[in-house]
Amino acid sequence: MALWLIRHPRPEQADGRCYGRSDLGVSDQALTEAGQALRAALPAGVPLYSSPLQRCARLAEVLAPGQVLYDDRLMEMDFGCWENRLWQDINPAEVDAWTQDLRHYRPGGGESLWQMTGRLQSFCQTLADAGIRDAVLVCHAGVIRLLLALSQGLPPETAAQGMHQIGYGTMLTLSSDWLGREKPCLAP
């Protein structure tokens, strides 16, 4: 019983940008390369869920044409007015405020880590309630990090502190035994 977590290919025009919910595209070459590398490693007959953002959706369609289940809860964190801005142009005091309160601060007025955790818990509970223990998820590095933290019973802040580097177009396999389990570390 496993979740196969796939990060989207490298987006175009992403260098130095804050691009959580920004719907950046990916090149055809990046899609082809990622699709070829991942297709053979995926299990057959397993549902494939994807973030609807095009950098994930396009790869998901390469991997499972016409069979993708899109779910907004798999989108990256919403960085509000920070979206698609160069990190160097974001007020350092605002970034510091975020790092001082990773759980509750809403960067750029967008979404807090706590809110993101809630929607990912909701997605995981949906899988558990449906008895789905094997699934492929095409999503984002922040989502993958948070799922890794949740699976280990770690506080969500662990994910925001870069507990795991996740390369573009790569896949991690995660046991799904924890789906539906209570997470005492997630109290507000």
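The figures here come from the full heavy-atom set of this structure, side chains too, leaving out hydrogens, waters and symmetry mates.
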Fill in: Common cluster, L42/L3, ILVMFWY with side-chain heavy-atom separation under 4.5 Å
no
Practice prompt. Using the rule that two of Ile, Leu, Val, Met, Phe, Trp, Tyr join whenever any of their side-chain heavy atoms come within less than 4.5 Å, decide whether V138 and L74 are in one cluster.
Written response: no
Discussion item. Could you tell me if the side chain of N84 sits less than 4.5 Å from the side chain of R17, heavy atoms only?
Written reply: yes
Practice prompt. Compute whether any side-chain donor of one residue and acceptor of the other, for E83 and S22, lie under 3.5 angstrom apart.
Written response: yes
Discussion item. Restricting to non-hydrogen atoms, name the atom on P52 and the atom on A57 that form the minimum distance, rounded to 0.1 Å.
Written reply: O-CB, 3.8 Å
Worksheet entry | Close side-chain approach of C18 and I90, heavy atoms under 4.5 Å | yes
Item to complete: Please answer: with hydrophobic residues joined when any side-chain heavy atoms are less than 4.5 Å apart, are V46 and L38 in the same cluster?
Response: yes
Worksheet item: Are V136 and Y49 linked, directly or through other ILVMFWY residues, by side chains that come within less than 4.5 angstrom of each other?
Response: no
Discussion item. Please check this pair: side chain of T158 against backbone of L154, looking for a donor-acceptor N/O pair closer than 3.5 Å.
Written reply: no
Worksheet item: What pairs of residues pass the salt bridge (charged side-chain N to carboxylate O under 4.0 Å, His left out) test when at least one of them lies in residues 20-30, not counting sequence neighbours?
Response: R21-E111, D28-R58
Practice prompt. Let me see the working for H104 and D101 under side chain to side chain contact (heavy atoms under 4.5 Å, CB included), right down to the final yes or no.
Written response: CA-CA 6 Å; H104 298 105; D101 185 10; 3.3 Å; yes
Worksheet item: Looking only at heavy atoms, which two atoms of E76 and G142 are closest? And how far apart?
Response: OE2-N, 3.0 Å
Discussion item. Treating D134 as the side-chain partner and A2 as the backbone partner, does any N or O pair qualify as donor plus acceptor under 3.5 Å?
Written reply: yes
Worksheet entry | side chain to side chain contact (heavy atoms under 4.5 Å, CB included) assessment of R10 paired with V26 | CA-CA 6 Å; R10 181 179 185 75; V26 294; over 6 Å; no
Discussion item. Using the rule given for side chain to side chain contact (heavy atoms under 4.5 Å, CB included), can you reason through L137 versus S50, listing the C-alpha separation, both sets of side-chain angles and the distance that settles it, and then say yes or no?
Written reply: CA-CA 6 Å; L137 310 180; S50 177; over 6 Å; no
Item to complete: Please report the C-alpha distance between L48 and L63 in whole Å, then the side-chain angles of each, then the deciding distance to 0.1 Å, and finally whether the side chain to side chain contact (heavy atoms under 4.5 Å, CB included) criterion is met.
Response: CA-CA 9 Å; L48 189 147; L63 298 173; 4.0 Å; yes
Item to complete: Kindly write out the residues that satisfy ring-ring contact (aromatic ring centres under 6.0 Å, His included) with Y19, not counting sequence neighbours, or none if the list is empty.
Response: none
Discussion item. As an exercise, state the distance from CD1 of I144 to OG1 of T170, rounded to the nearest 0.5 Å.
Written reply: 6.5 Å
Worksheet, complete the sentence: Closest heavy-atom pair, L24 versus E12, reported as atoms and distance to 0.1 Å, is CD1-O, 3.9 Å
Practice prompt. Write down the atom of G35, the atom of V62, and the distance for their closest heavy-atom approach.
Written response: CA-CG1, 3.9 Å
Worksheet item: Q36 side chain to E33 main-chain N or O, any donor-acceptor pair under 3.5 Å?
Response: no
Worksheet item: Is there a donor in the side chain of Q121 and an acceptor in the side chain of Q125, or the other way round, less than 3.5 Å apart?
Response: no
Response to the item:
Scanning both residues in full, the closest heavy-atom pair of L147 with C124 reads CD2-SG, 3.6 Å
Discussion item. For W178 and Q152, which I'm curious about, is there any donor-acceptor pair between the side chains at under 3.5 Å?
Written reply: no
Worksheet item: Residues two or more places apart in sequence or in another chain: which of them pass ring-ring contact (aromatic ring centres under 6.0 Å, His included) with H140?
Response: H8
Discussion item. Using the rule given for ring pair (Phe, Tyr, Trp, His ring centres under 6.0 Å), can you reason through W98 versus F79, listing the C-alpha separation, both sets of side-chain angles and the distance that settles it, and then say yes or no?
Written reply: CA-CA 11 Å; W98 180 34; F79 286 98; 5.5 Å; yes
Worksheet item: Is any side-chain heavy atom of L59 closer than 4.5 Å to a side-chain heavy atom of P9?
Response: yes
Worksheet, complete the sentence: Correct closest heavy-atom pair for R55 and P11 would be CD-CG, 3.7 Å
Practice prompt. Answer with yes or no whether the side chains of R73 and S122 bring together a donor and an acceptor at under 3.5 Å.
Written response: yes
Practice prompt. Could you tell me whether a side-chain N or O of R119 sits under 3.5 Å from a main-chain N or O of F123, the two making a donor and an acceptor?
Written response: no
Fill in: From L148 atom CG to R145 atom CZ, the distance as rounded to the nearest 0.5 Å
9.5 Å
Worksheet item: Hey, quick one: are L102 and Y105 part of the same hydrophobic cluster, counting side-chain heavy atoms closer than 4.5 Å, chains of contacts allowed?
Response: yes
Worksheet item: Any side-chain heavy atom of I132 within less than 4.5 Å of one from P47?
Response: yes
Practice prompt. State, yes or no, whether a side-chain contact exists between P107 and M77 at a heavy-atom distance under 4.5 Å.
Written response: yes
Worksheet item: Which value, rounded to the nearest 0.5 Å, describes the distance between T99 atom OG1 and D96 atom CG?
Response: 5.0 Å
Worksheet entry | Backbone of I166 reached by a side-chain donor or acceptor of R7 within 3.5 Å | yes
Worksheet item: Which distance, rounded to the nearest 0.5 Å, do you find between the CD1 of I6 and the SG of C139?
Response: 8.5 Å
Worksheet item: Are any side-chain N or O atoms of E61 and backbone N or O atoms of G66, one a donor and one an acceptor, separated by less than 3.5 Å?
Response: yes
